[in-house]
Amino acid sequence: MADLDERLERYDPRQIEPRWQAHWESLGLHTTDLSDASKPRYYLLTMWPYPSGDLHIGHWYVQTPTDAIARYKRAKGFNVFYPIGFDAFGLPAENAAIKRGTHPREWTTKNMENMRRQLRSMGASFDWSKEVVTCDPAYFHWNQWIFLKFYEKGVAYRKQAPVDWCPSCQVTLAREQVEGIDRVCWRCFTPVTKRDLTQWFFKITDYADELLSFEGLNWPEPIRAMQTNWIGRSEGAEVDFTVAKSAEHAGGEKLRVFTTRPDTLHGATFMVLAPEHQLVERITSPAQRESVAAYIEATKRKSEIDRLSTSREKSGVATGAFAINPVNGEEIPIWIADYVLAGYGTGAIMAVPAHDERDYEFAQRFGLPIRTVVAPAELAARPDEVPLPYVEKISGAAVAVNSGSWSGAAWPASFEQAISAVERAGAGERATTYRLRDWLISRQRYWGTPIPIIHCATCGPVGVPVEELPVMLPDEVDFKQTGESPLKSASAWLNVPCPKCGGPGQRESDTMDTFVDSSWYWYRYLSPNFGGGPVDRNLVDAWCPVDQYTGGAEHAVMHLLYSRFFTKALRDLGLIAESEPFTRLFNQGQILGSDGERMSKSRGNVEDPDALVTRHGADAVRLFLMFMGPWDQGGPWSGSGISGIVRFLGRVWTLALDPHGKERGDPNAGTLPHGEDQAAGELVIRRAAHKAIAGVEADIEAFRFNTAVAKLMEFANALFPYRGSSVAGGAAWSEAIDYLLAALSPMAPHLSEEMHSRLQAERGISIGDPRWRSIHQRDWPTVDATLLTESTRELPIQVNGKLRDKLTIAANATEAEIEALALASDKVKIALEGRPVKRVIHAGGRLVNIVG
RNA sequence: GCCGAAGUGGCGAAAUGGCAGACGCAACCGACUCAAAAUCGGUCGACUGAAAGGUCAUGUGGGUUCGACUCCCACCUUCGGUACCA
């Protein structure tokens, strides 16, 4: 066996990978027979990509471990459905149209073609035959159909809402089109303001309480916490204050506030309205008109994040009006301030500065009175000594003071008595409110699903008849259209008769938020060409909910909440049976650029997978991404460790193809290590094989791909010293190689297939032979549990929590035997320094701690 | 700001409350080679010590525990989301 180095060809992924990708495709290996009920079904879904044109290593980071799950589950006997598609509508295509003059469809199509090629080069086992693309009329047709059903049921409705607006370009701006802390337009740098438009909403708030329940879902706790906080259910009361009569104003208007703390009503020393509040104009005194108007204008320049920030100094303006507190008849000043939002609660608050930090700051800033109405029990008699602001955790430890009929009551009695008092006075009632707002789906954009509505002067908004769907996007459009939506420029498309009365009508020119597209796409994957409705009920019943969904945590509160809402709403339309879309969710981390920032073309930090694949091969890139660290962590990109993976794959290649080769540089080559005999050597490699399979299996089940790869490396390292020895090539060796390739196959599908195929060829089975099998059609290896335990083990001995010795003991040693051995140790005696032993702790057989 | 997460060797990281640093990268030493590359074998947290060993060490400061990277409290830094990027 001399000069094997020259005989053994080198591992060259460029030669292997495209060949296997083509072969798998010709075998139809990844096309799922959705009607096959002979095996348990497993619907594996990964968040579909947006065809931005800059497919980067982050896409691979999302999808290669998911592909490994697909392949692993197939080996475990599941009928796996693993589809792919494109979330192809959206703002970047339209921005590109504005910048470069290319049509969004052309730009998107070109990007999708490139991304399909790149996704294929990854060797991912997607079922491409079920591809769904949102800008395809065969898909958005059903967005429109669902919209009309929602409209019929009142789930879709119209109301006024503010948008960020560039007064110079006369267009709506997305958040990413507003730049800098001074909030200017991305194109003309004009300061951005707000404008009210009548827009379409979906009533997600109707489902708020149901969305708070995660029963039966295996979702990460952080995501559930974020959704729960986002929905933000608060229980309290709505209370009417009354505008007081003044020299200039008759008064009498009801000013309704929402409060979670009706028990602090007596501490309300002023009121604050959102600057957008309807009554502001009416109640403002002539003296305050000018400053109120200026403040309202200034508020339009601010983002909600700025407005809610508690770190900046409070701002506000008095309206000059006063309100009467319903529980004590006091007149308190009415202010406006931007920290109160029009969209939350009633858009007005009663301010209780003694017990709310923001109100306290506001009162301090503007010299408004502060009155303590809750005190810790021990200070109940001396409320002046309560440190302010006193924001106690809700508990029975604090009592109401200076609070009329409920003075002296503790929570929750104070809360209940306050509500009763308000209700008796006819000044309000118990109420629950949510932070969650209805979903604004209108976009003043071209590249999205047209909203299937025709506006008629007589009939109002009328749904397009379903038989006329889909409402197509007109091609001839001015993308730099100012005013409202670009679709307003397509007059032939825009002006159509009213479907109800035949009179002149005008199509809705807004399109839908692209989150509508991604709120039900996994149902469509099951039947992308189905014409009888958005979903094929039979297939949905068989395959849904999705067993496993993988995607980024950045979608925690929008996409993942909208998808849950859609599922419930579709259920209520009778289209599907289930209430939740995704049984198990895993959020992988995000790969950042090497500068630690999000990868994007504009930052110039995009890592292109093509170059890496050309250099190292898809398998190496796949394994490297899985090996980098825990999948849910992500982090900045650095390719510096990939050579370790390339080396590992080379070792697998060598082990599989050249078991008898001897290393020239290794003086021990060809001899059994550690002076073992043949039987001992075989046992060592059998143990290593079964331990590796058991470990990799547990790791893949838990999505710990980094440690799964590490275990395979350890396994290959354990085999390597036996290469060229008398053990190599024998039965134990062949089993070990077989197991190594099988365990590697979900993660490095090409190399393992190549090795598997060559080993079959050595046995006279070549491709085309009916006995030939792809490694991806192979069952997962079985583990012999008796090989996982050894007869002796090492036991660490601590003295007072510090490691002092290690003993080799029999696996079945009793605690008494262990204790005797441990106390006999010289190192233990020295560490004890003659102190008596107080306690001996046996930590479940893993460690002994002697306390002395 | 608010909600959520992360912080461990020069670097990526590992560790059901029980031996901190598995597995890799880089670096260094050796073998092979005319030589280099590749490959194979080895060393590798810091300080101290000739060595055996000892001391310190998981963002910072406290706490719980026989024992804390892990649990609790406070803080610092970074990342994700914050409703029109997807």
Side-chain angles (χ1 to χ4, degrees), chain A residues 5 10 47-50 52 87 89-92 95 163-164 172-178 220-223 225-230 232 303-312 343 436-440 442-445 513-515 518 552-559 561 587 589-590 592 596-598 600 624 627-630 632-636 638 640-645 647-648 650-651 654 662-669 704 706-707 709-714 717 720-721 794-798 800-803 806 827 838-841 843-844 846-852:
Chain A
D5 287 13
R10 289 172 57 97
M47 288 180 189
W48 55 358
Y50 176 79
S52 57
D87 188 14
F89 273 138
L91 191 60
N95 287 346
V163 293
D164 279 334
T172 304
L173 295 176
R175 186 180 166 135
E176 69 162 18
Q177 293 173 320
V178 177
E221 178 52 37
I223 301 289
M226 278 189 270
Q227 290 203 351
T228 301
N229 294 333
W230 183 259
S303 74
E304 218 162 89
I305 293 174
D306 292 339
R307 290 178 61 170
L308 292 174
S309 170
T310 52
S311 66
R312 82 197 162 104
L436 181 70
R437 304 200 286 254
D438 276 338
W439 177 9
L440 192 168
S442 290
R443 295 291 180 271
Q444 292 78 51
R445 309 277 171 208
D513 179 3
T514 56
F515 276 125
S518 54
E554 68 271 21
H555 290 296
V557 291
M558 304 197 66
H559 164 60
L561 195 64
N587 291 113
Q590 205 168 22
L592 307 172
E597 301 278 337
R598 252 182 80 168
S600 74
F624 179 60
F627 183 60
M628 272 175 54
D632 56 3
Q633 202 167 288
S638 160
S640 67
I642 198 165
S643 47
I645 295 290
R647 241 170 250 160
F648 164 64
R651 281 158 81 85
T654 305
K662 293 187 175 74
E663 283 307 322
R664 282 195 207 149
D666 182 1
N668 296 321
R704 291 188 302 251
N706 56 331
T707 51
V709 174
K711 279 169 183 141
L712 289 172
M713 287 175 166
E714 264 180 287
N717 292 346
F720 223 82
E794 201 170 62
L795 187 70
I797 311 295
Q798 293 183 336
N800 293 332
K802 286 198 174 180
L803 181 71
K806 287 182 186 182
K827 288 175 182 170
K838 289 184 200 148
R839 245 177 106 182
V840 177
I841 291 148
R846 286 192 303 278
L847 170 146
V848 170
N849 188 17
I850 297 163
V851 185

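Reminder, nothing fancy here: chain letters follow the sequence lines and each chain counts from 1. What you are looking at is a predicted structure, and each value in this text was computed from that prediction instead of being measured.
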Rounding to the closest angstrom, what is the interatomic distance between [N] and [M] at atom [atom1]?
N     : M     : atom1 : result
B:C23 : B:C34 : C1'   : 37 Å
B:U70 : B:G59 : P     : 8 Å
B:U65 : B:A14 : P     : 30 Å
B:G17 : B:C71 : C1'   : 8 Å
B:A26 : B:C11 : C1'   : 7 Å
B:A31 : B:A36 : C1'   : 15 Å
B:A74 : B:G4  : P     : 13 Å
B:C69 : B:A57 : P     : 10 Å

Donor on one side chain, acceptor on other, A:Q177 and A:D164, under 3.5 Å: no

With a 3.5 Å cut-off and no angle check, do the side chains of A:R839 and A:N849 form a donor-acceptor pair? no

Just checking [X]: base, sugar-phosphate only, or nothing, at a heavy-atom cut-off of under 4.0 Å?
X      : answer
A:Q177 : nothing
A:K802 : sugar-phosphate
A:D87  : sugar-phosphate
A:S303 : nothing
A:F720 : sugar-phosphate
A:F627 : base
A:N717 : sugar-phosphate
A:I223 : nothing
A:I841 : base
A:H559 : nothing
A:E554 : base
A:T514 : sugar-phosphate
A:R307 : nothing
A:V709 : nothing

Tell me the interatomic distance from [X], atom [atom1], to [N], atom [atom2], rounded to whole angstroms.
X      : N     : atom1 : atom2 : result
A:E304 : B:C84 : CD    : C1'   : 13 Å
A:L561 : B:G4  : CG    : P     : 16 Å
A:N800 : B:G18 : CG    : P     : 19 Å
A:M226 : B:C79 : CE    : C1'   : 12 Å
A:Q798 : B:G17 : CD    : P     : 16 Å
A:H555 : B:G4  : NE2   : C1'   : 15 Å
A:L173 : B:C85 : CG    : P     : 11 Å
A:L712 : B:A22 : CG    : P     : 18 Å

A:E304 vs A:R437, salt bridge (Lys or Arg N to Asp or Glu O under 4.0 Å): CA-CA, chis, key distance, verdict: CA-CA 14 Å; A:E304 218 162 89; A:R437 304 200 286 254; 3.2 Å; yes

Among [options], the one nearest [X] by side-chain distance:
X      : options             : result
A:L592 : B:C79, B:G4, B:A15  : B:C79
A:R839 : B:C19, B:C66, B:A15 : B:C66
A:A843 : B:G18, B:G1, B:A86  : B:G18
A:S311 : B:C23, B:G1, B:G80  : B:G1
A:P92  : B:G18, B:A86, B:A13 : B:A86
A:R598 : B:G24, B:G81, B:A13 : B:G81
A:R647 : B:U82, B:C25, B:C84 : B:C25
A:V557 : B:G81, B:C84, B:C3  : B:G81
A:L803 : B:G12, B:C84, B:A20 : B:A20
A:Q444 : B:C84, B:C3, B:A6   : B:C84

Does [N] have a Watson-Crick or wobble partner in any strand here, with both distances under 3.5 angstrom, and which is it?
N     : result
B:A37 : none
B:A14 : none
B:A26 : none
B:C47 : B:G54
B:U8  : none
B:A74 : B:U60

Could a donor-acceptor pair under 3.5 angstrom be found where the side chain of [X] meets the base of [N]?
X      : N     : value
A:R445 : B:C84 : yes
A:N849 : B:C66 : yes
A:E176 : B:C84 : no

Can you say whether the rings of A:F515 and A:H555 are parallel (under 30°), tilted (30 to 60°) or perpendicular (over 60°)? perpendicular

Pairwise distance OG1(A:T514) to CG(A:L91) - rounded to 0.5 angstrom: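 A:T514 atom OG1 to A:L91 atom CG measures 9.0 Å (nearest 0.5 Å).
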
Its glycosidic angle compared against 90° from 0, B:G9 adopts the form syn

Between A:A710 and A:G90, which is nearer to the 5' end of RNA chain B once each is assigned its nearest nucleotide?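 So the residue in question is A:A710.
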
Hey, which of these two, A:S309 or A:W439, hits RNA chain B nearer its 5' end, going by closest nucleotide? A:S309

